[in-house]
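Below is one structure, written out as structure tokens, with a few remarks after it.
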Amino acid sequence: SAANTITGTAIFGMESAFIGKVGDDDLGHLLKSDQNQYGIRSILLKGVNSSGRAMVFITAPNAERTFAVYLGAALELVPEDLDPEWFKGYDYFHIEGYLVQNQATIRRAVELAKAAGCIISIDMASYNVVESNDAFLHDIVENYVDIVFANETEAKALSDYEEPQNKGVQRLSGNTKMVLFEPRSFEEAEEVGRHLKEKRAAVINLHRLPREYAQRTIDFLTGVVFALDGSIQKIGHNVILATPSSIGVHGEICVDGTGE
């Protein structure tokens, strides 16, 4: 969630803020207290309804999870609540996908973020959210959003493509600077390479590939980034980041637990 993500950025020392609306209840007070504890600039307005929450259903044997979301006071946030000063001084603005149902507020937010010079990202939340807000999402992705986070079903819902596996990403990325991939075959590495050539960064999760094909994918992309004078690095277990020369990467992530 956006709340968990912003907590992570604050823990890593980034100046972070969170804008939202909660109820005057124990859950709302707990959220604000937690954010203050981690040094987050907590801009949580008070609403009439109770604070939003989610129920999670985990199904055996694959531990698949299903969310039932109640947004509550979060949907009471209106465009007039937003202050342009809240967006100044920050590099990134991220939109929680479930809130796109509040279209007027999201539109005002991306306008203010763009005016403040922020890089804007959005997660697609779920395929049914995409389907019910299709025209609106296409509009803001086309005109405001730089980075889109979407899983396979969400990308298909937004793009109307079915095959190949990452074809949805191909259409989504026309106005984005980063794409996310979970390839199911080595052949999809060529699609990643195409995005790198078009000056987009790519995060590739290799956990669905057999070890041999995962290594072949890494070898192929290493050659691509070498030709483009870019870079490639491991950022997690079976997760790599590949970037063209036009996108700089600062710092390194320790993934082996040694801290060295």
Side-chain angles (χ1 to χ4, degrees), residues 1-6 9 17-20 67 69 71 74-75 77-79 81-82 84 86-87 90-183 188 191-205 241-244 246-247:
S1 71
N4 290 336
T5 301
I6 208 69
T9 61
F18 186 91
I19 302 170
F67 280 91
V69 178
L71 295 173
L75 284 178
L77 193 68
V78 296
D81 287 331
L82 302 179
W86 295 346
F87 298 82
Y90 295 98
D91 298 318
Y92 296 89
F93 175 68
H94 179 69
I95 305 164
E96 175 63 64
Y98 283 108
L99 293 182
V100 298
Q101 300 173 59
N102 198 341
Q103 295 184 5
T105 301
I106 294 300
R107 182 176 297 281
R108 178 60 175 159
V110 295
E111 290 172 351
L112 293 174
K114 202 74 169 181
C118 296
I119 295 172
I120 300 173
S121 65
I122 185 172
D123 72 77
M124 292 288 105
S126 71
Y127 74 92
N128 53 342
V129 170
V130 175
E131 290 176 346
S132 60
N133 296 274
D134 182 75
F136 174 73
L137 284 170
H138 274 93
D139 180 45
I140 65 168
V141 167
E142 178 75 21
N143 294 296
Y144 296 99
V145 173
D146 301 293
I147 302 171
V148 174
F149 296 96
N151 63 25
E152 181 183 356
T153 57
E154 293 158 4
K156 285 181 178 179
L158 188 61
S159 66
D160 299 325
Y161 281 102
E162 290 296 329
E163 298 294 340
Q165 291 286 354
N166 281 305
K167 194 69 173 181
V169 179
Q170 181 175 356
R171 177 173 167 187
L172 283 178
S173 61
N175 298 284
T176 60
K177 296 180 176 67
M178 177 180 290
V179 290
L180 309 179
F181 278 88
E182 283 190 345
E188 293 181 61
E191 178 72 5
V192 181
R194 184 184 68 81
H195 286 286
L196 291 170
K197 292 176 183 178
E198 294 176 357
K199 300 183 178 180
R200 301 184 187 98
V203 175
I204 306 99
N205 187 342
L241 169 66
T243 58
S246 58
I247 298 179

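Atoms OH and OG1, from Y90 and T9 in turn, are 10.0 Å apart once rounded to the nearest 0.5 Å. With rounding to the nearest 0.5 Å, the separation of OG in S246 from NZ in K177 is 10.0 Å. Atom CD in Q103 sits 10.0 Å away from atom OG1 in T105 (nearest 0.5 Å). The CG atom of L99 sits 9.0 Å away from atom CG of D123, with the distance rounded to the nearest 0.5 Å. For the atom pair CH2 of W86 and CG of D81, the computed distance is 6.5 Å after rounding to the nearest 0.5 Å.
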Could you walk me through whether Y98 and L71 pass the side-chain contact (heavy atoms from CB on, under 4.5 Å) test, one step at a time?
CA-CA 8 Å; Y98 283 108; L71 295 173; 4.1 Å; yes

What verdict does the side-chain contact (heavy atoms from CB on, under 4.5 Å) test give for V192 and E188, after you've listed the backbone C-alpha separation in whole Å, the side-chain angles of each residue and the deciding distance to 0.1 Å?
CA-CA 7 Å; V192 181; E188 293 181 61; 5.8 Å; no

How far apart are the C-alpha atoms of I122 and F149, what are their side-chain angles, what is the distance that settles it, and do they pass the side-chain contact (heavy atoms from CB on, under 4.5 Å) test?
CA-CA 6 Å; I122 185 172; F149 296 96; over 6 Å; no

Go through the steps for E111 and R107 under the test salt bridge (Lys or Arg N to Asp or Glu O under 4.0 Å), then give the verdict.
CA-CA 6 Å; E111 290 172 351; R107 182 176 297 281; 5.2 Å; no

Intermediate values then yes/no, side-chain contact (heavy atoms from CB on, under 4.5 Å), V148 and V141
CA-CA 8 Å; V148 174; V141 167; 4.2 Å; yes

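Counted by atom type alone, Q101 and N133 present zero donor-acceptor pairs between their side chains at under 3.5 Å. Side chains of H195 and E191: a donor-acceptor N/O pair is present below 3.5 angstrom, by distance only.
Residues P84 and L82 share a closest heavy-atom pair of CD-O, 3.9 Å. Between V145 and S121, the closest heavy-atom pair is CG1-CA, 4.4 Å. The shortest heavy-atom contact between A125 and G97 is CB-C, 3.6 Å. Contact detail for A150 and A155: the closest heavy-atom pair is CB-N, 4.0 Å.
Heavy atoms from other residues, nucleotides or ligands lying under 6.0 Å from OH of Y127 number 12 at most.
A 4.5 Å side-chain heavy-atom check between I140 and L137 finds at least one atom pair inside the cut-off. The shortest side-chain heavy-atom distance between M124 and N151 does not fall under the 4.5 Å cut-off. Contact annotation: the side chain of R200 never approaches that of L196 to less than 4.5 Å [non-hydrogen atoms, C-beta and beyond]. Contact of the I247 side chain with the K199 side chain is not registered, since no non-hydrogen atoms from C-beta on lie closer than 4.5 Å. The shortest side-chain heavy-atom distance between F181 and N205 does not fall under the 4.5 Å cut-off. Side-chain atoms of V110 and I95, non-hydrogen and from C-beta on, do get closer than 4.5 Å to each other. Side-chain contact check for F93 versus L112: every heavy-atom pair is 4.5 Å or farther apart. Inter-residue side-chain proximity for F136 and I106 is flagged as met; some heavy-atom pair is nearer than 4.5 Å.
Using a distance-only test at 3.5 Å, with no hydrogens or angles considered, a donor-acceptor pair links the side chain of N102 to the main chain of L77. Looking at D146, its side chain does come within 3.5 Å of a backbone N or O of I120 through a donor-acceptor pair. A donor-acceptor contact shorter than 3.5 Å links the side chain of N143 to the backbone of D139. With hydrogens and angles ignored, the 3.5 Å screen pairs a side-chain donor or acceptor of K114 with a backbone N or O of Y144. Of the possible polar contacts, one joining the E96 side chain to the A2 backbone as a donor-acceptor pair under 3.5 Å is found. For T243 (side chain) and A201 (main-chain N/O), no donor-acceptor pair under 3.5 Å exists by modelled atom type.
With sequence neighbours left out, E131 forms a side-chain hydrogen bond (donor to acceptor under 3.5 Å, both in side chains) with no residue at all.
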